[in-house]
Amino acid sequence: MLRNSAALLLLIAPACVAAMAQAQPTPQSPTPTAMHPGTHKKQMSRDYKAIHNSAIIVDTHADTTQRLLDENYDMANPTGYGGYLDFKTAREGNLGAEFFSIWVDDSNPALKGKFAHRTLELIDAVYEQAQKHPAQMRMCFSPEDIERNHAQTPHKLCALMGIEGGHSIENSLALLRDYYRLGVRYMTLTWSNSNDWADSSGDITNSNVKHHGGLTEFGKDVVREMNRLGMMVDISHVSDKTFYNAVTVSRAPVIASHSSARALTNAPRNMTDEMLKAVANGPRGGGVVMVNFYSAFVDENFRKAYEGMAKERAAATAELDQKLDAENADAKTRATEEHKLSTQWANKIPRPPLSSLIDHIDHVAKVAGIDHVGLGSDFDGIPSSPEGIDSAADLPKITQELVKRGYNEQQIHKILGGNLLRVFHQVELVAKQIQKEEPTAEAGATHSANEKDQPK
């Protein structure tokens, strides 16, 4: 989820951890299989369509959830402003599984003290959509669920959930467990805000925010409990120090649900090459980085132009907020007007070419390895995406471009969803092992962040 622009600051990771990541062998990306020079364009077209339609496609981040709750958005009968995701576009793009983002806006004064309340409402909104349209969408909770659903003809859209921002647990491991029981299968340790136990990349330069130098001891316990539950640890949005703490503490592979490569686009939300390697070199064969589709995260020229308008955008946003407050606007009106404004600003800058997005996928594959890259679109949470990517229906264009660059069917299937499924399986295996080792951990791990971090 993208909201406010973050200041750009590269943190230097602890030397010992960085050295550890670099010392381990870097997974080698298989050399893309070059197409025969004489391959006919029609043959290539058939090839990419066959590859795409046979793949299990998993997207790890869409903010459509907020529309379901606040706008009464119906994915079977989409109305209102144009969005990226509905059942029709999902079918056209052969999207097999979508992780719906459970995101609570920390900056909204009306939600202070109600993070868990809002989190539960968002979770309910996903369940309600599945209940309303059982022929088109089903709730899924495991990699096996995704695989079984794919085997059906036609398959439904598998709906999974990931919490975006650790503030949703309100410093309670008990709440974390409850969210897992309700079907949440990953959690980003932070959103753009630092919380009581983890630092975010979004406010790391703000001296008015209390920072911890990464994860607190309670934050490390959160990671350990996620490992024990079988919930994927998501390091998108976190500060660099929090990232290195997380990959060191976690016994299971970690994911970045929607982050791109900082070497190509210098946004703090993106990951350095050292971080890409650290994800790949993690436990049990390493994690996966799901590339974000946002124009400012995949194209440096767009990022600079958008950042250059920051003051003007902030003033326009403040003016709109005042207007909506004066009108006592409802949630649907606010969402529509805010989307309209953000899109207007983004449209002042030419959209980057689709090649910018493919460059990031290619870069992660080459630096981290072909087993460590996937798709994390950020659909309905971004105001701009590269040319040609207007909805989930356009996902085949990514496959087409990968074929043009020489990636073969096996490699493309990994990128489109196979890598995420592998990590999902591994996270569950680690959880089973930990539960055998620590059968009473849940009963004993009930402290809050405030209790854990209180000086003795």
Side-chain angles (χ1 to χ4, degrees), residues 1-7 61-73 80-81 83-85 99-126 161-172 175 179 184 186-204 206 208-210 234 236-238 257-258 268-269 292 294 296 310 313-314 316-325 327-343 345-346 378-383:
M1 164 64 72
L2 173 81
R3 291 292 175 184
N4 298 319
S5 298
H61 199 91
D63 282 294
T64 315
T65 325
Q66 283 66 244
R67 302 191 69 186
L68 299 178
L69 178 60
D70 296 332
E71 303 171 44
N72 295 317
Y73 181 70
Y81 65 82
Y84 284 94
L85 181 63
F99 279 81
F100 286 81
S101 172
I102 308 300
W103 170 72
V104 178
D105 187 356
D106 170 79
S107 65
N108 186 342
L111 296 180
K112 293 295 183 183
K114 299 180 180 179
F115 295 156
H117 182 94
R118 173 73 173 180
T119 299
L120 292 171
E121 287 187 326
L122 288 164
I123 291 172
D124 178 72
V126 180
M161 296 177 290
I163 285 177
E164 184 174 18
H167 56 282
S168 277
I169 72 169
E170 294 188 350
N171 301 334
S172 168
L175 266 181
Y179 294 148
V184 172
Y186 78 66
M187 181 174 75
T188 63
L189 301 179
T190 71
W191 178 56
S192 294
N193 59 296
S194 295
N195 53 46
D196 290 336
W197 44 270
D199 292 337
S200 167
S201 64
D203 61 14
I204 196 64
N206 188 343
N208 295 321
V209 174
K210 179 183 177 181
D234 181 8
S236 286
H237 278 292
V238 304
S257 66
H258 55 308
R269 278 280 313 283
N292 192 309
Y294 178 41
R313 285 189 291 107
T317 300
E319 182 179 349
L320 176 62
D321 288 342
Q322 281 187 331
K323 176 178 178 291
L324 294 173
D325 288 343
E327 296 172 353
N328 196 27
D330 59 22
K332 183 174 183 178
T333 300
R334 283 182 178 275
T336 301
E337 292 303 312
E338 289 170 357
H339 172 80
K340 189 184 300 182
L341 181 64
S342 64
T343 302
W345 280 98
D378 215 346
F379 281 157
D380 289 328
I382 55 178

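Not measured: the values here are computed from a predicted model. Computed over heavy atoms, backbone and side chain alike; hydrogens, waters and symmetry mates excluded. Index from 1, following the sequence.
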Measure across [X] and [Y] and return the closest heavy-atom pair with its distance rounded to 0.1 Å.
{"X": "H258", "Y": "R269", "result": "O-NH2, 2.6 Å"}
{"X": "W191", "Y": "H167", "result": "CB-CE1, 4.1 Å"}
{"X": "Y73", "Y": "L68", "result": "O-CD2, 3.4 Å"}
{"X": "G162", "Y": "F99", "result": "N-CD2, 4.4 Å"}
{"X": "W345", "Y": "A316", "result": "NE1-CB, 3.6 Å"}
{"X": "L122", "Y": "Q66", "result": "CD2-OE1, 3.6 Å"}

Working to the nearest 0.5 Å, report the span between [atom1] of [X] and [atom2] of [Y].
{"X": "S342", "Y": "E337", "atom1": "OG", "atom2": "CD", "result": "11.0 Å"}
{"X": "H61", "Y": "I382", "atom1": "NE2", "atom2": "CD1", "result": "9.5 Å"}
{"X": "N171", "Y": "D196", "atom1": "CG", "atom2": "CG", "result": "4.5 Å"}
{"X": "E170", "Y": "N195", "atom1": "CD", "atom2": "CG", "result": "11.5 Å"}
{"X": "S194", "Y": "D106", "atom1": "OG", "atom2": "CG", "result": "9.5 Å"}
{"X": "E164", "Y": "S236", "atom1": "CD", "atom2": "OG", "result": "8.0 Å"}

(message) Under a 3.5 Å cutoff, is there a donor and acceptor pairing between the side chains of D63 and S101?
(response) yes

Should [X] and [Y] count as side-chain neighbours, where that means a heavy-atom distance under 4.5 Å?
{"X": "N108", "Y": "R118", "result": "no"}
{"X": "W197", "Y": "I169", "result": "yes"}
{"X": "L120", "Y": "Y179", "result": "yes"}
{"X": "N193", "Y": "S107", "result": "no"}
{"X": "T65", "Y": "I102", "result": "yes"}
{"X": "K332", "Y": "N72", "result": "no"}
{"X": "Y294", "Y": "P383", "result": "yes"}
{"X": "T190", "Y": "D199", "result": "no"}

(message) If you count heavy atoms of other groups shown closer than 6.0 angstrom to CD of E327, is the number above 12?
(response) yes

(message) Checking the side chain of S168 only, and the main-chain atoms of F115 only, is there a donor and an acceptor separated by less than 3.5 Å?
(response) no

(request) Give a yes or no answer on whether the side chain of S201 reaches the backbone of H237 with a donor-acceptor pair at less than 3.5 Å. (result) yes

(request) Show your reasoning for whether side-chain contact (heavy atoms from CB on, under 4.5 Å) applies to D330 and E71. (result) CA-CA 9 Å; D330 59 22; E71 303 171 44; over 6 Å; no

(request) Given salt bridge (Lys or Arg N to Asp or Glu O under 4.0 Å), test K210 with D203 step by step and report yes or no. (result) CA-CA 10 Å; K210 179 183 177 181; D203 61 14; over 6 Å; no

(request) Determine the interplanar angle of the Y84 and F379 rings, folded into 0 to 90°, and report it as parallel if under 30°, tilted if 30 to 60°, perpendicular if over 60°. (result) parallel

(request) Would you sort out whether D321 and E338 count as a side-chain contact (heavy atoms from CB on, under 4.5 Å), showing the intermediate values? (result) CA-CA 9 Å; D321 288 342; E338 289 170 357; 4.1 Å; yes

